[in-house]
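Keep in mind the model is a prediction, meaning the values are calculated, not measured. Excluded from the calculations below are hydrogen atoms, water molecules and symmetry mates; all remaining heavy atoms, backbone and side chain alike, are included. Quick note on labels: first sequence line is chain A, next is B, and so on, each numbered from 1.
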Amino acid sequence: MSREPQTRVVKLFFREAIARALREEMARDERIVILGQDVGSFGGSYKEFLGLYKQFGAARVRDTPVAEASMVGVGAGAAAAGLRPIVSITYMDFLMLGLDPLVNYAAKARYKTGGQLRVPLIVKTTAGAKGQGVAHSQCLEAWLMSVPGLKVVAPSTPADAYGLMKSALRESGPVVYVDHKRLFPMAGEMPEDEQITPFGLAKYLRRGADVTIATYSHMTQVALAAAEALAAEGVSCEIIDLRSLAPLDLATVCDSAGRTGALLTLEEGQIVCGVGAEIAFRVREKLGGAVRIDRVGALAAPVSSNPVLEAACVPDSARVARAIRGLLAA
Amino acid sequence: MDRVLLLRSMMLIRAFEAALLRNPGHGFQLLSSGEEAVAVGLCAALTADDQLLTSGRSIGPALARGLDPGRVLAELLGKSAGPCQGKGGRGHIAEPSAGFFGAHAVVGGNLTIAAGVALALQSLGSKAIVACLFGDGACGGGALHETLNIAALWKLPLVLVCDNNRYSVSTPRAAALAPEYLSDIAKPFGVPGQTVDGMDVMAVLEAARGFVELARSGGGPSFLECVSFRFSSHSTATRDTRTPAELDAARSHCPIELMAGRLAAEGLLAPDVRAELEHDVAEAVSAAASFAEASPFPDPSEALSDVA
């Protein structure tokens, strides 16, 4: 997004950016409703819904029972029948309970009815490791990327948390919006004026000449730290924040990887059938064998709440730097 | 309510399915024969604006809801003239503009969707209500219990109708479900429930009417169990595990004959009128078959349209 010099800028926390997008869109479109655990007067587990209950009332900001399967289903049905529901799933691990209505109904309703129905459902969920153990830490975006009919986005900055949520609320089909526990304390600038982040458009976080790192969500922070460390060694990293996983901005990744000649994919989830595997294959299809490619993700193990084991499992900047050194030496 | 029309509706479903089976391209189908009274009785209680969602066993309900038999047959055969352009096919027929929000062939998979449709209608200030038809097989899963809870809490305009045909594929209901009456499942949620003879279209209609009225007047959800007999195996591709004697016994409870006998006894169905009805539905089925046969299959490029 280009920014006029005189544009006023506001600084918001990640959670405030989400709430801002919801507040603006709910005021614009009365069909938008929020369903989820603790979304009402409590304001959301990460305060990302703070103030909305007071402004829009209990009918539009609905606390639900602990019943992810039915809440995704209710959201899908309500979306098909004319509302724009946002279903909040507190932890992405629990989205597994709601995969049937999400995958079997929401993602397929438009197709299976020959276009008679649309399901503008947003499932907003929080991924990532932050000391909460094996069933509260997973990043499962790659599972969802392969479902025809689903869109998957994962912002890494408050500006994109705001801009992608605005886009999601104007989509005609189902979207899974994935934020990350470690991003909530982050503050960031964005224009005071409305700004929308389109789906399917990646963003350069850092320009560089020697290697491309394609990543998203909290791993952008890890990539930036690794790039700093490598810069001291004379290695210049280019970092791409994918922002949207489905659709995927392959053109930007290919532009960069074609220039640098080396690509590292970085994700917090599993690398088997992961985001990186998909990107690597598509880049190879487009650019042939000229680009050296490697991938970094979690170890093939559950993510423990034990701080030593959690840190060992999830990628950190040292592991990323090591992988890049290996890639460039190959 | 013209009771002869209820009889005709049941006869149409029976004749339609018989003709479908004669089509060599019918493939895998989930038949409603034996369970016509449940679909017809329920649909007679709905108004045009109401929405019906069903399980995959949806031929009877789609026809009872008034969908055009030719278009239904086209959809079942995967032809472009179906309401879903042949893309939904068996188990997923839908025509929301006609009050048939759709079938969904995941057992229990339409229950939470129906609650969502009911929430949308309630939120948008509509007077329409939602009925969701599912089998006894859906009663053991969590979706029903979660749906009852949220529908009761939010007083959703939702009528849950269980077509209890006594079997989940081969598993008898008694081997899978603990409650004596499935309608009892609604009780702990404060949701009114009732079990009726699902072979008696008037019993289904009367009970459904009460529950539809309750939902429409803001009284919230209800649970109607209709005990029926499935005349065929689970699907046309599934072997029947019942003995010939069991099947004969099941088929002796025919909802069509029950209604026809009652009307005849009341002097409302002279033999020539019955014959006329038979002729009438045979013509409708024949026209449907011609229509569906004449419709092309979708172009292979349709595989990529309306995906996202």
Quiz item: B:Asp299 and B:Ser301: side-chain donor and acceptor closer than 3.5 Å?
Solution: yes
Self-check item: Electrostatic pair B:Asp163:B:Arg57 at N-O distance under 4.0 angstrom
Solution: no
Quiz item: Is it the side chain or the backbone of B:Ser126 that comes within 4.5 Å of chain A heavy atoms, both, or neither?
Solution: neither
Exercise. Heavy-atom distances under 4.5 Å only: say whether B:Ala128 touches chain A with side chain, backbone, both or neither.
Key: neither
Self-check item: Enclosure of B:Phe28 CZ (heavy-atom neighbours >12, cutoff 6.0 Å)
Solution: yes
Practice problem: Find the one option among A:Pro101, A:Ala59, A:Ala76, A:Ala80 whose heavy-atom pairs under 4.5 Å with chain B are most numerous. | Solution: A:Ala80
Exercise. Determine the option with the most heavy-atom pairs under 4.5 angstrom with chain A, choosing from B:Ile93, B:Val106, B:Asn149.
Key: B:Val106
Quiz prompt | Under 4.5 Å from a heavy atom of chain B, the part of A:Asp100 involved | solution = side chain
Quiz item: So what's closer than 4.5 Å to chain B heavy atoms on A:Ala106: side chain, backbone, both or neither?
Solution: neither
Quiz item: Going by atom types only, do B:Ser290 and B:Glu293 share a side-chain donor-acceptor pair under 3.5 Å?
Solution: no
Quiz prompt | Option that, when pairs with chain A are counted at under 4.5 Å, heavy atom only, ranks first among B:Gln85, B:Glu146, B:Glu302 | solution = B:Glu146
Practice problem: Determine the option with the most heavy-atom pairs under 4.5 angstrom with chain A, choosing from B:His92, B:His104, B:Gln122. | Solution: B:His104
Exercise. For atom OH of A:Tyr53, decide whether the heavy atoms of other residues, nucleotides or ligands shown that lie under 6.0 angstrom number more than 12.
Key: no
Quiz prompt | Top contributor to chain B contacts, counting heavy-atom pairs under 4.5 Å, from A:Ala67, A:Gly173, A:Ala79 | solution = A:Ala67
Quiz item: Does CD belonging to A:Glu30 count more than 12 external heavy atoms closer than 6.0 Å?
Solution: no
Quiz item: Taking every heavy-atom pair that is under 4.5 Å apart, which of B:Leu124, B:Thr112, B:Asp306, B:Val130 has the most such pairs with chain A?
Solution: B:Asp306
Self-check item: Exam field: side chain A:Tyr216 to backbone A:Ala202, donor-acceptor pair closer than 3.5 Å
Solution: no
Exercise. Check whether the side chains of A:Ser156 and A:Lys203 place a donor and an acceptor atom closer than 3.5 Å, and report yes or no.
Key: no
Quiz prompt | B:Ala143 versus chain A, the contacting section by heavy-atom distance below 4.5 Å | solution = neither
Self-check item: Per-residue contact mode, A:Leu117 against chain B (heavy atom under 4.5 angstrom)
Solution: side chain
Quiz item: Are B:Ser168 and B:Thr171 close enough, and set up right, to give a side-chain hydrogen bond (donor to acceptor under 3.5 Å, both in side chains), and what steps lead you there?
Solution: CA-CA 5 Å; B:Ser168 298; B:Thr171 306; over 6 Å; no
Quiz item: Which bit of A:Arg60 is near chain B, if near means a heavy-atom gap under 4.5 Å: side chain, backbone, both or neither?
Solution: neither
Practice problem: Determine the option with the most heavy-atom pairs under 4.5 angstrom with chain A, choosing from B:Ile150, B:Leu156, B:Asn110. | Solution: B:Ile150
